[in-house]
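Take a look at the structure below.
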Amino acid sequence: MPFLNQDVPALTVQAYHAGKLEQIDLKATDGKWTVILFYPADFTFVCPTELADLNSHLDEFEKADCRVFSASTDSVYVHKAWADATPTIRDLRYPMIGDRSMALARAFNVLDEHEGVAQRATIILDPEGKVRGFEIIDGSVGRNASEILRRIEALEFVREHGDNVCPANWHPGAKTLKPSLDLVGKL
Amino acid sequence: MPGSFIDPSMNGQLQAVFSRMERPIVLEVQGASRGRGHELFNAMAELCALTTKLSLKPAEEGEDLPCVRILDERGRWTGLAFHGIPGGREFTSFMLGIYNASGRGQSVDPAIRQRIEAISHPVRMRVLVSNECMVCPELVIPAQRIATLNPLISCEIYDIALFPNLAREFGAVAVPALKAGSLPLKFGAMPIESVLDIVERA
């Protein structure tokens, strides 16, 4: 089970990336954040939309020191076929993991064992390779890259500042709090 | 009085502060007659009614209203101000600001004091807080202490509930946040040495 703070599984996976095949060692984070966007299958409708959305924000993810992968249980060769057939997919600038063995989806517990496809899951790993975010949403709902980016930036902020700050969750015009006073040892 | 700003249970601690104040302080409430300024004025009036060492001065004009500025007995600004209403946990910081501006105040390591007094350029500190924030006083109190020890340094506290635009302008995604001069925003509680490092660079 991919509980929060658990280490990323020691897996090397194959990916299709801009016309070439690559080996990706998930543990080799190179000090960067990692986002893995699982989706059910190539050649579907919602998937290209959100994969393209992720692609359009790629510069911002790079600026946030975050590497990005998509992943499905299709093979890298199906990814290639999809890219050859679909301009949106051909333009993707991040690696598309081909999890044909389903080892990655199974390791993160996002595999629909009955269908043999990954659920629509988003995994966020910190620069040490620990799980800091884990979400699965219903298969027909696309995800928002801006929201994933916001979460990465917030996680990085918390990582840097720890419990030394409070989230700025304020409400304009909120009623004034009654004062509290604690001067013990301060005068 | 039900609904009043100051709870009677705080009177003992407040009297301890008042008894240690060496000089009177004037609380100047800017924007006192409108909106939240009226609420601020009433709150400060309640505080001033508890001692002869505090007096109240209403004012209409000012920047980022409502605001209460801490003035010395001659009406000169001590460099401390609170934009908003210093309720919640910020009331402790506010009272310590008054205490520090009124005399010897809280003890400061001599080496630190020497560094503060040696700063020869003006520095405006703005600290963004939330009144319910537990850690905010841990930045506000040292920042205010520095400002009370050098007339070239000011420290203004902003309750972001009333100044969300400033928080957006500065990119404050958390509190406390310190804007010292034109330096990038710094977040989090910090000891006086760390605040001083920033002020010296500002």
Side-chain angles (χ1 to χ4, degrees), chain A residues 4-5 31-33 35 57 59-66 122 124-128 130 132-133 135 143-187, chain B residues 3-7 9-14 16-17 19-20 35-36 39-40 43 47 84-92 94-96 99 105-107 128-139 141 159-165 167-168 172-177 186-190:
Chain A
L4 285 179
N5 301 326
K32 295 176 185 289
W33 289 87
V35 168
H57 287 79
D59 292 343
E60 294 163 74
F61 278 98
E62 285 174 356
K63 198 174 166 187
D65 237 4
C66 179
T122 308
I124 299 175
L125 307 174
D126 72 12
E128 281 73 46
K130 291 184 183 298
R132 295 292 179 198
E135 182 185 55
R143 287 153 289 186
N144 184 323
S146 296
E147 172 57 15
I148 298 170
L149 186 64
R150 187 196 69 79
R151 290 177 182 182
I152 299 278
E153 289 170 343
L155 284 164
E156 172 59 24
F157 188 89
V158 169
R159 185 169 176 264
E160 188 181 344
H161 296 282
D163 57 4
N164 223 7
V165 294
C166 293
N169 182 18
W170 57 90
H171 307 285
K175 194 177 173 189
T176 303
L177 282 185
K178 292 287 282 183
S180 62
L181 192 58
D182 179 14
L183 295 171
V184 176
K186 296 189 174 81
L187 296 180
Chain B
S4 63
F5 185 66
I6 294 169
D7 190 285
S9 65
M10 297 192 297
N11 197 43
Q13 288 191 78
L14 288 173
V17 176
S19 68
R20 285 171 170 80
R36 302 301 287 267
E39 185 185 344
L40 174 62
L47 180 62
I85 299 157
R89 297 175 187 275
E90 281 312 305
F91 188 62
T92 296
F94 184 70
M95 289 311 303
L96 287 172
Y99 171 56
Q106 293 173 285
S107 65
L128 308 189
V129 301
S130 174
N131 284 355
E132 64 260 42
C133 166
M134 293 170 65
V135 293
C136 289
E138 294 178 45
L139 174 60
I141 293 168
D159 175 6
I160 55 171
L162 270 65
F163 298 93
N165 291 341
R168 275 192 285 273
V173 294
V175 287
K186 294 285 183 184
F187 292 96
M190 45 184 111

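Within every chain, numbering begins at 1; the chains are lettered A, B, ... in the order of the sequence lines, protein sequences first and strands thereafter.
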Problem - B:Thr92 side chain to A:Ser180 backbone, donor-acceptor under 3.5 Å - result: yes

Handout entry: B:Arg20 versus chain A, the contacting section by heavy-atom distance below 4.5 Å
Key = side chain

Handout entry: B:Val17 portion near chain A, given a 4.5 angstrom heavy-atom threshold
Key = both

Fill in the blank from the handout: Applying a strict 4.5 Å limit to non-hydrogen atoms, the region of B:Ala16 in contact with chain A is both

Exercise for the section: Count the heavy atoms belonging to other residues, nucleotides or ligands that lie under 6.0 Å from NZ of A:Lys186, then report whether that count exceeds 12. Expected result: yes

Completion exercise
Max heavy-atom pairs within cutoff under 4.5 Å with chain B, candidates A:Val184, A:Asp182, A:Leu183, A:Leu181, goes to A:Leu181

Handout entry: chain A contact via B:Met95 - side chain, backbone, both or neither, heavy atoms under 4.5 Å
Key = side chain

Problem - Interface moiety of B:Leu14 toward chain A, non-hydrogen atoms closer than 4.5 Å - result: both

Exercise for the section: Examine whether an atom of B:Phe187 lies under 4.5 Å from a heavy atom of chain A, and if so say whether it belongs to the side chain, the backbone or both; otherwise answer neither. Expected result: both

